[in-house]
2 protein chains.
Amino acid sequence: MFEARIKQGAVLKKVLDSVKDLVTDANFEADPVEGFKLQAMDSSHVSLVSLKLHADGFEHYRCDRALTMGMNLANMAKMLKCAGNDDAITMKADDAGDTVTFMFESPDQQKISDFELKLMDIDSEHLGIPETDYDVTLRMPSVEFQRICRDLASIGDTVGISVTKDGVKFSTTGDIGEANITVRQNSEDDKDKMIAIELGAPVSLTFALRYLNSFTKATPLCDQVIVRLSPNLPVVVQYAVTEVGYVSYFLAPKIEDDDAM
Amino acid sequence: MFEARIKQGAVLKKVLDSVKDLVTDANFEADPVEGFKLQAMDSSHVSLVSLKLHADGFEHYRCDRALTMGMNLANMAKMLKCAGNDDAITMKADDAGDTVTFMFESPDQQKISDFELKLMDIDSEHLGIPETDYDVTLRMPSVEFQRICRDLASIGDTVGISVTKDGVKFSTTGDIGEANITVRQNSEDDKDKMIAIELGAPVSLTFALRYLNSFTKATPLCDQVIVRLSPNLPVVVQYAVTEVGYVSYFLAPKIEDDDAM
DNA sequence: CCTAAGAACA
DNA sequence: TGTTCTTAGG
């Protein structure tokens with residue numbers, strides 16, 4: 001028996017919106033201790049998404065034993081769209097069942113819905129997510145990161161990210177020309193606008209913008225995004241799910257990276 | 001000679017928006033006593049719409065003798081869109097003419113427009129609208145009814161509506177799973193949010209969501225919708241046109257209904 | 001917060 | 001031309 005209730009249903013809706021464009025089918029894992037999580041590669045097997053919602057992030061969480069639930073994320077998202085933004089959402093599944101139920105309760109309890117989604121068998125490839133210290137940890141407003149990735153994608157296909165202690169330079173080149181966007185570290189009072197760089201060593205790497213732009217679907221989740229970089233390692237783009245967990249994306253750098261900033 | 005003036009032109013615009021998606025061409029009837037009305041089947045001949053605007057709902061109403069005016073509703077809507085929402089609208093037609101004129105007057109009389117629409121000959125099939133007492137009369141916020149029909153249509157094609165004295169359950173089934181939405185009767189102070197059930201006997205019927213979703217195009221007309229149900233009879237979905245009349249829709253139930261709630 | 005209308009994209 | 005996304009309004 002698995003049952004988890006989140007009061008702010010809008011959070012779960014946003015979480016799903018942030019993964020459904022990247023991954024079509026995936027196994028969710030409900031774990032008695034670790035909570036509710038998902039790890040999957042995108043459909044083209046290039047990038048990787050890791051989602052974790054801690055057990056104690058839920059208003060109520062019960063999971064008798066670990067459960068793997070294979071879902072079509074588009075269909076799951078379709079159902080969650082039927083929840084009002086103020087509704088509480090409860091997910092339920094029997095240990096031996098082949099469905100998961102989403103229950104929506106309006107704040108005044110006047111309207112109660114339950115949506116039952118058929119589960120599917122999905123081969124779960126095991127995914128090696130590197131546990132490392134990164135040379136660079138960058139924090140910046142998630143909307144700003146989204147804007148940069150979107151803007152550069154209109155010029156070129158890849159982005160070079162070069163970080164020094166002063167700032168970050170995002171660069172691209174395309175048929176029509178080239179573009180560089182530099183943002184500086186600040187010590188903003190306003191935490192939402194903060195740009196902070198933790199730097200072990202300067203780093204310069206190149207990534208496919210197409211995937212980064214998919215990652216920014218998670219922008220509505222939180223005000224700040226965290227980007228971690230190390231040479232020859234996948235970049236980590238991480239969004240906090242307020243009070244509940246996080247969504248992280250991983251993308252290997254292009255090898256033909258030039259080290260110059 | 002027919003001439004009818006309505007001060008709140010926006011009402012007439014909304015009325016037309018609520019029928020034009022369902023019916024392409026139809027005969028309006030102007031009657032000296034009964035007012036301005038329309039009865040028509042939708043283009044696929046499955047559902048039926050009945051619109052009535054009472055003579056005394058108009059600021060001014062003159063109709064020397066009954067007049068049938070065949071109009072293309074899309075074209076009529078196109079013209080009415082040209083009226084400002086605060087404009088007064090006057091409809092005029094000669095007894096022997098083949099056009100109808102819509103005159104729009106801005107509140108300050110600064111702008112006066114008249115649009116002349118060509119009438120067309122339309123075979124008027126006679127429509128039998130059942131005059132009955134219904135087992136169930138359900139009143140609920142029109143936006144909530146709209147939301148339920150839209151949400152369920154993303155899962156399945158038909159909706160089962162089961163009414164007991166406590167509440168109403170809307171259910172559907174589709175390829176990806178199933179869904180149930182239950183709303184409870186309340187005694188809300190706020191009349192707009194009222195959900196009221198008048199129940200002779202419990203009823204359970206099934207309808208095609210496609211048509212119900214067309215009906216909900218009338219949602220902007222008023223805050224509350226009235227749904228009347230009886231076994232083996234078409235459902236009536238009725239929207240009041242404030243102070244002026246109503247728009248009613250009729251749709252026969254699916255026969256393969258199971259009676260269980 | 002939710003809807004509807006407009007604008008931009010495919 | 002149809003669909004989607006964004007924005008403005010209720």
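Convention: sequence-line order gives letters A, B, ...; per-chain numbering from 1.
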Nucleotide dT6(D), atom P - distance to CG of Asp17(A) in whole Å: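 Distance check: Asp17(A) CG to dT6(D) P gives 11 Å.
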Contact interval (first through last nucleotide) of DNA chain C with protein chain B, 4.0 Å heavy-atom: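 The contacted stretch runs from dT3(C) to dA4(C).
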Less than 3.5 Å apart, any donor N or O on the side chain of Thr101(B) or Asp114(B) sitting next to an acceptor on the other?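 Result is no, nothing qualifies.
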Between Asn186(A) and Lys193(A), do the side chains contain an N or O donor and an N or O acceptor separated by less than 3.5 Å?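 Asn186(A) vs Lys193(A): no donor-acceptor pair found between side chains.
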Tyr249(A)/Tyr211(A) aromatic ring centres below 6.0 Å: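 Aromatic pair excluded; centres sit 6.0 Å or further apart.
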Quick check: Phe104(A) with Phe115(A) (ring centres under 6.0 Å apart)?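 Yes; Phe104(A) has its ring centre under 6.0 Å from that of Phe115(A).
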Do you know which of Leu152(B), Asn180(B), Thr158(B), Ile161(B) makes side-chain contact (heavy atoms from CB on, under 4.5 Å) with Ser171(B)?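 Single side-chain contact (heavy atoms from CB on, under 4.5 Å) partner of Ser171(B) among Leu152(B), Asn180(B), Thr158(B), Ile161(B): Asn180(B).
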